[in-house]
Amino acid sequence: MGNGRGFRPVAVEDIAAEALSFAGGARALLLQIAHPAVGRGVVDHSDFASRLMDRFEGTVLYLMATMYGSPEERAAVRRAVNRAHAPVRGVHPASGTTYNAFDPDLQLWVAATLYQTMMDLRARVFGPLSPDEAETAYRAISQAPSNLQLAPAHWPADRAGFDDYWERMVASLRVDADVLAVSRQILYPAGIAWWLRPGLPLMRLVAAGLLPPSVRTEFRLPWDGTRQRRFDRVMRWTGRIYPHLPLRLRHLLRDRYLAKLRRRVGSSPARNSGGPGGG
């Protein structure tokens, strides 16, 4: 594989390792909270306003454990997720919407947004996978070791089933005033490191551009021909430049978060695999 210049990820472990996949984080979060039950749980129990980066890190460590973790690491993350989910249950008195963080349907939606965002970005930058490659990648993500809290059998049986599920879910998404306020905390975060702030306008453009139009409207995100052309240019130039970066650079975020996971659990690279093309 050499320095990785021009390497096109096909296996889901390689796709998840790409720094590109992290670029869709805000889009995935917005899709998650647009689900009425997930959004109500976030409104009642989360603190995006003060701990956005902590929330992002927790999601990334969950993904690292699912894709690359040893049994010990996955068990540690599962315990942490269980502790975080235990109090997240309730009912909204006005709408009657009920939520429970252990509900497998809600967990499926959260996992689906991560998978679909990752694959969307991969297709935009590297081109689409072949049908066989896409089916193999789907089977791998749906059967990833333990899936932490989500049983593999709860995923749609195949990619066609997932696509039907995705279209049905996107059509059902709704954003109320409380969730809209949370979305602004995600898109206009307070208290983040100064060196991240110059990238926020680009993050907002990419998040909005990647959203299905109906969901973008739900979040009242402005969109017009100028913004679409700007987004298209960003994707076009990313497709020209990113695939030719050294693989070590493209996998840098994956490797750093995987090292952080190992430090927290007290494991070491010798006891588990860092995944294909590891750092």
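Computed from heavy atoms alone, side chains included, the values below leave out hydrogens, waters and symmetry copies. Remember, it's a predicted structure, so these values are computed and weren't measured experimentally. Residues take their numbers from the sequence shown, with the count starting at 1.
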Residue pairs meeting salt bridge (charged side-chain N to carboxylate O under 4.0 Å, His left out), one or both in residues 181-191, sequence neighbours left out, come to none
Does Asp103 come within less than 4.0 Å of Arg89, counting only side-chain N to carboxylate O?
no
Does this structure show an ion pair linking Arg248 with Asp255, if we count only N-O contacts that are shorter than 4.0 Å?
no
Can you name the side-chain contact (heavy atoms from CB on, under 4.5 Å) partners of His45, sequence neighbours left out?
Val88, Tyr99
Can you classify the ring geometry of Trp109 versus His35 as parallel (below 30°), tilted (30 to 60°) or perpendicular (above 60°)?
tilted
Close side-chain approach of Val77 and Met64, heavy atoms under 4.5 Å
no
Residues Val42, Val179; criterion side-chain contact (heavy atoms from CB on, under 4.5 Å); working and verdict:
CA-CA 8 Å; Val42 168; Val179 171; over 6 Å; no
Met119 reachable from Leu114 in the ILVMFWY side-chain graph, under 4.5 Å edges
no
Minimum heavy-atom distance Ala76-Val265, with the two atoms named:
CB-CG2, 3.7 Å
Ion pair present between Glu133 and Arg122, side-chain N to carboxylate O less than 4.0 angstrom?
no
So Leu30 and Val175, do their side chains get closer than 4.5 Å, heavy atoms only?
no
Between the side chain of Arg216 and the main-chain N/O of Ala208, is any donor-acceptor distance below 3.5 Å?
yes
Tyr68 (side chain) donor-acceptor with Ala17 (main chain) under 3.5 angstrom:
yes
Are any non-hydrogen side-chain atoms of Ile33 and Ile186 less than 4.5 angstrom apart?
yes
Can you list everything that forms a side-chain hydrogen bond (donor to acceptor under 3.5 Å, both in side chains) with Thr113? Sequence neighbours excluded, please.
Gln32
Beyond-backbone contact of Val206 with Arg27, side-chain heavy atoms, under 4.5 angstrom:
no
Side-chain ion pair, Arg236 and Asp232, N-O less than 4.0 Å
no
Heavy-atom nearest pair, Tyr165 first then Ala112, reads CE2-CB, 3.9 Å
The single option from Arg264, Arg262, Arg78 that satisfies side chain to side chain contact (heavy atoms under 4.5 Å, CB included) with Glu73 is Arg262
So which heavy atom on Thr117 is nearest to which on Gly24, and how close?
CG2-O, 3.5 Å
Under 4.5 Å between any side-chain heavy atoms of Val170 and Glu167, yes or no?
no
Value for OG1 (Thr238) from CZ (Arg124), rounded to nearest 0.5 Å, stands at 11.0 Å
Taking the inter-plane angle between the rings of Phe162 and Trp166 on a 0 to 90° scale, is it parallel (under 30°), tilted (30 to 60°) or perpendicular (over 60°)?
parallel
Rounded to the nearest 0.5 Å, how far apart are CG of Asp120 and OH of Tyr115?
11.0 Å
Please report the interatomic distance CG(Leu187) to CE(Met203), rounded to the nearest 0.5 Å.
5.5 Å
Test Ile141 against Met67 for side-chain contact (heavy atoms from CB on, under 4.5 Å), laying out the working first.
CA-CA 8 Å; Ile141 196 70; Met67 299 304 304; 3.5 Å; yes
Return the CZ to CH2 distance between Arg240 and Trp237, rounded to the nearest 0.5 Å.
5.0 Å
Nearest atoms (heavy-atom pairs only) where Leu150 meets Leu108:
CD2-CA, 3.7 Å
Of the non-hydrogen atoms in Pro9 and Arg250, which two are nearest, and what is the gap between them?
CD-NH2, 3.9 Å
With a 4.5 Å heavy-atom cut-off, do Glu57 and Tyr257 have their side chains touching?
yes
Check whether any side-chain N or O of Arg254 sits under 3.5 Å from a backbone N or O of Ala16 as a donor-acceptor pair, and report yes or no.
no
For Leu200 versus Ile192, what's the shortest heavy-atom pair and its separation?
CD1-CD1, 3.8 Å
Roughly how far, to the nearest 0.5 Å, is the OG1 atom of Thr136 from the CZ atom of Arg159?
10.0 Å
Mind checking the CZ-CE spacing from Phe22 to Met118? Nearest 0.5 Å is all I need.
10.5 Å
Taking side chain as C-beta onward, heavy atoms only, is Leu180 less than 4.5 Å from Glu218?
no
Intermediate values then yes/no, side-chain contact (heavy atoms from CB on, under 4.5 Å), Leu247 and Glu18:
CA-CA 9 Å; Leu247 199 61; Glu18 296 285 346; 4.3 Å; yes
Please lay out, stage by stage, how Asp158 and Glu135 fare under the test side-chain contact (heavy atoms from CB on, under 4.5 Å).
CA-CA 7 Å; Asp158 53 24; Glu135 194 65 45; 3.4 Å; yes
Is the closest side-chain heavy-atom distance between Leu205 and Trp223 below 4.5 Å?
yes
By the definition side chain to side chain contact (heavy atoms under 4.5 Å, CB included), identify the one residue from Leu173, Val110, Leu210 that meets it with Leu31.
Leu173
Tell me whether the NZ or CZ atom of Arg197 lies within the 45° cone about the ring axis of Trp194 and under 6.0 Å from its centre.
no
Is it true that, when you exclude Asp132 itself, more than 12 heavy atoms of the residues, nucleotides or ligands shown sit nearer than 6.0 Å to its CG?
no
Under 3.5 Å donor-acceptor, Ser142 side chain and Arg139 backbone:
yes
Tell me whether Ser21 contacts the main-chain N or O of Ile15 through its side chain, where contact means a donor paired with an acceptor under 3.5 Å.
yes
